[in-house]
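The figures that follow rest on heavy atoms only: side chains count, while hydrogens, waters and symmetry mates do not.
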There are 2 protein chains.
Amino acid sequence: MSARRTQAERRAATIAKLTDATIAVLADVGYAQASTKVICERAGCSQGALFRHFATRLDLVAEATLAIEARHLDRFATFFEGWGGKWPALAAFVRAQTRTPVHAAWREVVVAARTDVELRERVGPVLQRFETWLMAIPVRSLGAAPRRAEHAGMVFLSVLHLFDSEAGTAALHRNEELEAGRLRWAADILRREIAPD
Amino acid sequence: MSARRTQAERRAATIAKLTDATIAVLADVGYAQASTKVICERAGCSQGALFRHFATRLDLVAEATLAIEARHLDRFATFFEGWGGKWPALAAFVRAQTRTPVHAAWREVVVAARTDVELRERVGPVLQRFETWLMAIPVRSLGAAPRRAEHAGMVFLSVLHLFDSEAGTAALHRNEELEAGRLRWAADILRREIAPD
DNA sequence: CCACAAAGATAGCGAGCACTCCCTATCTGA
DNA sequence: TCAGATAGGGAGTGCTCGCTATCTTTGTGG
């Protein structure tokens with residue numbers, strides 16, 4: 001059936017299955033309920049296999065966090081390639097991003113890291129790197145004037161924060177009208193504060 | 001030492017101690033680590049006492065959530081009494097609120113509720129009520145024109161979302177310069193979009 | 001004053017947790 | 001081809017969890 005694989009390939013495949021499963025489980029049941037047992041069931045491997053590649057559950061989560069970062073970068077980069085300068089589309093994209101399972105998993109990790117020293121030390125640098133990358137987007141991909149790089153970056157990141165928090169509460173209680181108004185307003189903000197004259 | 005108290009007083013005092021302790025523990029160690037044992041140690045009572053007044057841990061958390069809501073309303077109301085129309089002060093207040101332990105506890109509950117059906121059913125209505133109350137603030141306390149009530153409410157709530165998400169990541173990684181710029185920008189937004197002409 | 005009720009403390013239960021031990025299966029290098 | 005090495009599986013381990021049973025302490029009503 002399955003072809004012969006090298007040890008390195010088997011190893012990489014199992015690690016990938018585990019990090020993918022971790023992201024999915026974090027999104028589905030949250031950080032506290034994302035037990036190694038559940039993650040292994042999702043990944044289709046045993047706990048013995050998990051602990052061969054990751055010394056602790058925290059190591060696995062930290063690795064999954066890197067995978068989350070990579071997916072975020074990917075999706076943003078792909079979007080900007082095809083972006084035609086339409087600000088409402090940009091706002092809609094940012095909002096959609098904060099509502100993906102991947103972002104839900106990210107939020108679970110960030111919230112958990114606040115009260116977990118070791119996780120914070122592992123995730124903090126990832127967050128910093130990601131924020132720096134996001135801050136550079138307006139000048140790099142949206143045509144913002146370099147002299148306004150700082151302001152434009154702050155605004156872009158702020159809009160992302162805005163939708164991040166909205167997505168967190170939208171899981172509990174929706175208000176379609178409010179959300180629609182906010183989306184239009186965010187598009188205006190982006191255009192007004194980032195677009196070149 | 002302690003005077004004689006009625007049963008009703010003892011009951012109310014213990015419940016208050018437990019909800020206060022729950023908020024503090026949620027803020028300190030997060031939802032997952034907020035065990036009944038730790039909460040009882042903080043409250044200075046036994047687990048037996050806890051489970052006399054609350055059937056489940058979830059009941060206790062739900063009760064604590066109501067206490068969180070009450071504290072939030074209190075603080076906002078108190079601030080607006082002494083607010084002198086200074087928009088930077090308003091922005092600073094909103095940001096400070098999102099950085100309090102009480103708000104950290106609130107965020108823990110909201111995040112946990114996303115992946116816990118029962119908690120979501122208990123907390124969802126509280127969130128909805130709180131949002132509605134917040135949306136009414138601009139017209140009620142900030143002098144916004146009633147015909148722009150909806151827009152002004154959306155903007156105010158959006159600024160709160162913005163600082164909520166910022167506070168969540170600020171626990172992992174600070175960027176003083178960015179935060180300062182955002183604070184000034186938020187004050188401008190509030191003035192521009194809410195203040196009467 | 002005292003029978004009763006309500007509140008609080010203590011010890012412990014079953015379940016699920018992260019993690020380990022040891023075994024088998026698969027791959028590698030000579 | 002085969003000894004050694006690496007990957008994966010399965011059955012535990014000790015521990016902590018939410019929760020309960022039972023006992024003692026404190027307040028209540030007649």
Side-chain angles (χ1 to χ4, degrees), chain A residues 1-22 25-26 28-64 108-109 112 115-119 122, chain B residues 1-22 25-26 28-64 108-109 112 115-119 122:
Chain A
M1 202 49 157
S2 68
R4 183 184 169 94
R5 295 181 300 171
T6 67
Q7 298 280 56
E9 281 168 347
R10 291 173 72 195
R11 180 185 179 84
T14 301
I15 289 177
K17 276 199 306 179
L18 282 166
T19 51
D20 286 358
T22 302
V25 170
L26 282 172
D28 274 6
V29 303
Y31 185 84
Q33 278 71 44
S35 66
T36 53
K37 188 183 174 218
V38 173
I39 291 170
C40 286
E41 281 166 4
R42 185 86 162 224
C45 73
S46 67
Q47 298 192 59
L50 189 159
F51 284 102
R52 173 160 304 280
H53 301 294
F54 301 97
T56 64
R57 182 181 96 123
L58 197 142
D59 276 337
L60 172 60
V61 172
E63 192 66 29
E108 291 288 332
V109 173
T115 52
D116 184 318
V117 185
E118 201 179 338
L119 189 59
R122 304 281 291 266
Chain B
M1 204 46 160
S2 67
R4 183 187 169 92
R5 296 181 300 171
T6 67
Q7 298 279 54
E9 281 168 347
R10 291 174 70 195
R11 180 184 179 85
T14 301
I15 289 177
K17 276 198 307 181
L18 281 167
T19 51
D20 286 357
T22 302
V25 170
L26 282 171
D28 274 6
V29 303
Y31 185 84
Q33 278 71 41
S35 66
T36 54
K37 186 181 175 222
V38 173
I39 291 171
C40 285
E41 281 165 4
R42 185 86 163 224
C45 74
S46 67
Q47 297 192 58
L50 189 160
F51 284 103
R52 175 160 304 279
H53 300 294
F54 301 97
T56 64
R57 181 180 98 122
L58 197 142
D59 276 337
L60 171 61
V61 172
E63 193 65 29
E108 291 288 334
V109 172
T115 51
D116 184 319
V117 185
E118 202 179 338
L119 188 59
R122 304 282 292 267

Tell me whether B:E9 contacts the main-chain N or O of B:T6 through its side chain, where contact means a donor paired with an acceptor under 3.5 Å. yes
Rounded to whole Å, how long is the line connecting atom CZ of A:F51 with atom P of C:dC17? 12 Å
CZ of B:R52 to OG1 of B:T14: how many Å apart, nearest 0.5 Å? 11.0 Å
Any idea which of D:dT6, C:dG8, D:dG18 is nearest the B:T14 side chain? C:dG8
Within the modelled atom types, does a donor on one side and an acceptor on the other bring the side chain of A:R52 and the base of D:dG8 under 3.5 Å apart? yes
Among the candidates C:dA9, D:dG8, C:dC19, find the nucleotide nearest to the side-chain atoms of A:R57. C:dC19
Return the value, rounded to whole Å, for the distance between atom CG of A:L58 and atom P of C:dC17. 17 Å
Candidates C:dT10, D:dC19, C:dC27 - which lies nearest the side chain of B:S46: C:dT10
Within this structure, what is the CD1-to-P distance between A:I15 and D:dT6, rounded to whole angstrom? 14 Å
Given DNA chain D, 5'-ward residue of the pair B:A8 and A:R10, judged by closest heavy atom: A:R10
Quick one, B:D116 and B:L58 - any side-chain contact, counting heavy atoms below 4.5 Å? yes
Would you mind reading off the distance between B:K17 atom NZ and C:dA7 atom P, rounded to a whole angstrom? 14 Å
Whole Å only: how far is the CZ atom of B:R11 from the P atom of D:dT26? 19 Å
Out of B:V61, B:D59, B:V109, which residue meets the side-chain contact (heavy atoms from CB on, under 4.5 Å) rule with B:R122? B:D59
Ranking B:T6 and B:G48 by the position along DNA chain D of their nearest nucleotide, the one closer to 5' is B:G48
Side chain of A:Q47, heavy atoms from C-beta onward: which of C:dC27, D:dG9, C:dC19 has the nearest atom to it? C:dC19
Starting the side chain at C-beta, find the nucleotide from D:dG9, C:dC27, C:dA7 nearest to A:Q7. C:dC27
Would you jot down, in residue-number order, the residues of residues 29-44 of chain A having a non-hydrogen atom under 4.0 Å from DNA chain D? none
Could you state the atom-to-atom distance from CD of B:E9 to C1' of D:dG27 in whole Å? 11 Å
Hey, does the side chain of B:H53 come within less than 4.0 Å of C:dA6's phosphate (OP1/OP2), counting only N and O? no
Whole angstrom is fine here: how far is it from CD in A:E118 over to P in C:dA18? 15 Å
Donor-acceptor pair, B:T19 side chain versus B:A64 backbone, under 3.5 Å? no
Does any N or O in the side chain of B:E108 come within less than 3.5 Å of the main-chain N or O of B:Y31, such that one atom is a donor and the other an acceptor? yes
A:E41 atom CD, over 12 foreign heavy atoms within 6.0 Å: yes
